[in-house]
Amino acid sequence: MVINPLDRLSALNNIARKRGLYWPSYEIYGGVAGFYDYGPIGVSIKNKIMHLWRMFFVEKQRGLVVEIETPIITPREVLKASGHEEHFTDPYTYCKKCGNVYRVDHLIKEALGINVEGYSLDKLWEIMKENNLRCPKCGGELSKPENALLLFKTTIGPYRGAPAYFRPETAQGIFVSFKNVHLAARERFPLGIAQVGRVGRNEISPRQGMIRLREFTIMEVEFFFDPEEPLENFISEIKSNDLEEYLDTVLRIIPAYMRERGEEKVVEVTAREAIEKELVETPWLAYWMSVGTRFLEFLGIPSDKIRFIEKLPHEKAHYAAQTFDQEVYTEKYGWIEVAGYAYRTNYDLSRHIKYTHADLTVFKRYKQPIKRKQKVVTPNIMALKRDYPEKFPDIMKKLSSYEKEELLSLLENQGYIEINGVKITRKYFIIKEKEQYIHGEKIIPHVVEPSFGLERIFYAVLENSLKITDKRTWLGIKPWIAPYDAAVFPLVSGSKKEHKQIEELAKKIYYMLLEAGITAIYDSDGSIGRRYARADEIGIPVAITVDYQSLKDNTVTIRDRDTQKQLRVNLRDLYDSILQRIKPYKPWSAVLEKYLTLQ
RNA sequence: GCGGCGGUCGUCUAGCCUGGACUAGGACGCCGGCCCUCCAAGCCGGAGAUCCCGGGUUCAAAUCCCGGCCGCCGCACCA
């Protein structure tokens, strides 16, 4: 039986509300667009997705990535430096007759073919007036342009505090603290810094439920590396981390050059091929795209519903050299972006260095120190003091303001330096040739950023795991992200003595599981079938039923959510039996075998 | 932000056009009880609705009118 997609989606909405997955926020006040609450079941699933993300992007990266947490409220200067204040602002105009709103820069570009990016509002207004721009729809008069800022604004300090914004991405907190983290990580390099947290974007008109929110959760890594490090070093770095399996991951990519030709065709390549064919501007992009692909597949998204789209130049963010959106197919919204992989170059760190003069560089140590002959200039203090006793302090002051190289080239090229009208000639300086060892240099690291929208993944996972047949509805979610590990039921809950005993044992097993770290629910309401159905609906992977036989031989049945098949196990083996079905980790025996051969 | 359509128990809905007999009806779900040897069964009982919010018209508004909020669709926007 084929289920109508609309029925599927309304079924999901029903479960979401009825069982507590999610709902619009502030409902009793009429609701506010762009905000959603997670219900109890939703929180549990969301947290598990978060934990798995950490497992893939932090823990399994073997020290390559560390995680930090920085504030949500961000001083204005930071977002000014990062370019957000400028680029998050769009100049608008509206038609005084029909009310239609237009972006001024788009309007001018379309009508006059002029690129007016970065122009002031007054300048734009001037251009509009000069060319007598009118509403393209109705020919009505257009308003003076205004700025629409997509950042949430606030102040730090309650009276006349400093202007600040709710961060639109977690990345800036990472860039700003880069030096501290780098030192704390014992100057490891390359280094990934992860952060999971809430961000806010004051969208003009958010719709599409949890897909486009004004406040949501980002999970991202800013991966700092040296772009001059040759490709082979990356590969060997990855190999030495035993992560080469990522290079064999198949990526489904729609490259920009294809999109420009109007062909939206998916190219299937391994990460290794993507690097070799130079589909990516840095190998690390392909690496993180692989990690992200594995992550989504592990959440239960089928690989044919995952693809990467390379952004065209005009679609990219202001900081990005190359960007791939990772998209997941949903019935409701079509392909939705769940992650962005941006090559941010050293844009952000450079900007913060420029604004603060902080040292956000990394010392790049050469494998072999470079021997360099260098001429060194030193003023002959004795001679200067002797010949210019009065002007000596001024001369020294001036000299110290020169860069060494500048001083040298002035002396060698013109033979003197003029200070307060006095020509100090070369003979007042000692120029020696010195041999120097250069051990390295300071570089501003480049950054590749895989950045995930948690709510979008959450939705995509739910929609993709919802199973409906004409008999039943269940959430076929991967066991490791199910809201509970297990459900415990007494087969019957009557008033006979045996029924009471069954209930008692079932409750005990419930407590035992909780004590052993298995999250479980206990349910004795309604018929056993209804309880299975309720557990299925929120995706609980295993149901444990205590029956008459349990009283005799200490066995219970374990029912599998997806197949409905039951297996009888002894209480002694119950824990392991559940664990084996629900944990996202390999059993020790398998890991042991992979790495070691024990005698 | 603009235009079109919509908003009634947790959910789906009846009623709205043609104002009154609506104490807003039903089904599912939920809660309590009975029954019960495995997949949403049955029986009995119960709770549950600011009729989206505010204002107006009227003797009388879920119903008509205006404004707002929210949702859906289209346009625009989505670094």
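Just so it is clear: chains get the letters A, B, ... in the order the sequence lines come, proteins before strands, and each one is counted from 1. Worth saying up front: this structure is predicted, and the values here are computed from it rather than measured.
- OP1 or OP2 of B/C35 has not a single side-chain nitrogen or oxygen of A/His499 nearer than 4.0 Å.
- The side chain of A/Val492 has B/U37 as its nearest neighbour among B/U37, B/A40, B/G1.
- Annotation: B/C9 and B/G15 have their P atoms spaced 15 Å apart (nearest Å).
- A side-chain N or O of A/Arg568 and one of A/Thr555 form a donor-acceptor pair less than 3.5 Å apart.
- Checked against salt bridge (charged side-chain N to carboxylate O under 4.0 Å, His left out), A/Arg456 has no partners two or more places apart in sequence or in another chain.
- Considering only the side chain of A/Arg534, B/C30 comes nearest among B/U37, B/G10, B/C30.
- In this structure, A/Phe57 has its ring center under 6.0 Å from that of A/Phe452.
- Sequence order on RNA chain B of the closest nucleotides to A/Val546 and A/His84 puts A/Val546 first from the 5' end.
- The P atoms of B/G68 and B/G3 are separated by 10 Å, rounded to the nearest whole Å.
- In this model, a side-chain donor or acceptor of A/Arg212 finds a partner on the base of B/C77 within 3.5 Å.
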Verdict with reasoning, A/Glu498 to A/Tyr548, per side chain to side chain contact (heavy atoms under 4.5 Å, CB included): CA-CA 8 Å; A/Glu498 261 189 325; A/Tyr548 290 90; 3.3 Å; yes
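- The side chain of A/Thr473 approaches B/A40 more closely than any other nucleotide in the set B/C38, B/A79, B/A40.
- Backbone-only contact: A/Asn14 has heavy atoms under 4.0 Å from sugar-phosphate atoms and none from a base.
- Closest contact between the side chain of A/Val32 and the listed nucleotides B/C38, B/A79, B/C70 involves B/C70.
- Using a 4.0 Å heavy-atom distance criterion, A/Leu491 is classed as a base contact.
- For the pair A/Glu264 and A/Arg307, the salt-bridge criterion is not met [side-chain N within less than 4.0 Å of a carboxylate O].
- To the nearest angstrom, C1' of B/C52 lies 13 Å from CD1 of A/Ile28.
- The C1' atoms of B/A62 and B/C17 are separated by 14 Å, rounded to the nearest whole Å.
- Side chains of A/Tyr347 and A/His446: a donor-acceptor N/O pair is absent below 3.5 angstrom, by distance only.
- Taking the P atom of each, B/G48 and B/G26 are spaced 14 Å apart, rounded to whole Å.
- Among pairs with a residue in residues 483-495 of chain A, those fulfilling salt bridge (Lys or Arg N to Asp or Glu O under 4.0 Å) read A/Lys48-A/Asp485, at least two apart in sequence or across chains.
- To the nearest angstrom, C1' of B/C77 lies 18 Å from NE2 of A/His87.
- The A/Ile204 side chain lies nearest to B/C77 when the options are B/C38, B/C77, B/U37.
- Contact between the side-chain N/O atoms of A/Arg17 and the OP1/OP2 oxygens of B/G10 is not found at any separation under 4.0 Å.
- B/G25 and B/C43 have their C1' atoms separated by 23 Å, with the value rounded to a whole Å.
- Atom P of B/G19 sits at a distance of 16 Å from the matching atom of B/U58, rounded to the whole Å.
- Among B/A79, B/C39, B/C2, the nucleotide with an atom closest to any side-chain atom of A/Arg207 is B/C2.
- Of the candidates B/U37, B/C30, B/A79, B/C30 carries the atom nearest the A/Arg530 side chain, counting heavy atoms from C-beta on.
- In terms of phosphate contacts, A/Arg559 brings no side-chain nitrogen or oxygen within less than 4.0 Å of OP1 or OP2 of B/C38.
- Heavy atoms of A/Glu27 sit nowhere under 4.0 angstrom from any nucleic acid atom.
- For the C1' atoms, the distance linking B/G7 with B/U50 amounts to 14 Å, nearest Å.
- Distances shown here put every side-chain N or O of A/Arg201 at or beyond 4.0 Å from the OP1 or OP2 atom of B/C77.
- Within 4.0 Å (heavy atoms only), A/Glu169 reaches no atom of the nucleic acid at all.
- In this structure, of B/A79, B/C2, B/G32, it is B/G32 that holds the atom nearest to the side chain of A/Asp525.
- With a 4.5 Å cut-off on side-chain heavy atoms, A/Ser82 and A/Phe175 do not count as touching.
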Stepwise salt bridge (Lys or Arg N to Asp or Glu O under 4.0 Å) check, A/Arg559 with A/Asp536: CA-CA 11 Å; A/Arg559 168 189 177 273; A/Asp536 288 347; 2.9 Å; yes
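- For the pair A/Asp562 CG and B/C39 P, the interatomic distance rounds to 19 Å; values are reported in whole Å.
- Residue order along RNA chain B, read from the 5' end via each residue's closest nucleotide, puts A/Gln564 first among A/Gln564 and A/Leu150.
- Within the 4.0 angstrom heavy-atom criterion, base atoms lie near A/Ser493.
- The shortest side-chain heavy-atom distance between A/Glu85 and A/Arg76 falls under the 4.5 Å cut-off.
- Taking the P atom of each, B/C34 and B/G20 are spaced 45 Å apart, rounded to whole Å.
- The aromatic ring of A/Tyr29 does not stack onto the base of B/C69, failing the criterion of a centre distance under 5.5 Å from the six-membered base ring together with planes under 30° apart.
- Contacts between residues 448-461 of chain A and RNA chain B, defined by a heavy-atom separation under 4.0 Å, are absent.
- With B/C36, B/G10, B/C78 as the candidates, the nucleotide lying closest to the side chain of A/Lys496 is B/C36.
- Ranking B/C70, B/G29, B/A79 by closeness to the A/Lys18 side chain, first place goes to B/G29.
- Between the CD1 atom of A/Ile211 and the P atom of B/G71 there is a distance of 14 Å, rounded to whole Å.
- In this structure, the side chains of A/Gln195 and A/Ser451 stay at 4.5 Å or more apart for every pair of heavy atoms.
- If you measure from atom CG of A/Leu151 to atom P of B/C78, you get 14 Å, rounded to the nearest angstrom.
- Applying the 4.0 Å criterion to OP1 and OP2 of B/G42, one finds that A/Ser527 has every side-chain N and O outside that range.
- Atom CG of A/Asp325 and atom P of B/C78 are 14 Å apart (whole Å).
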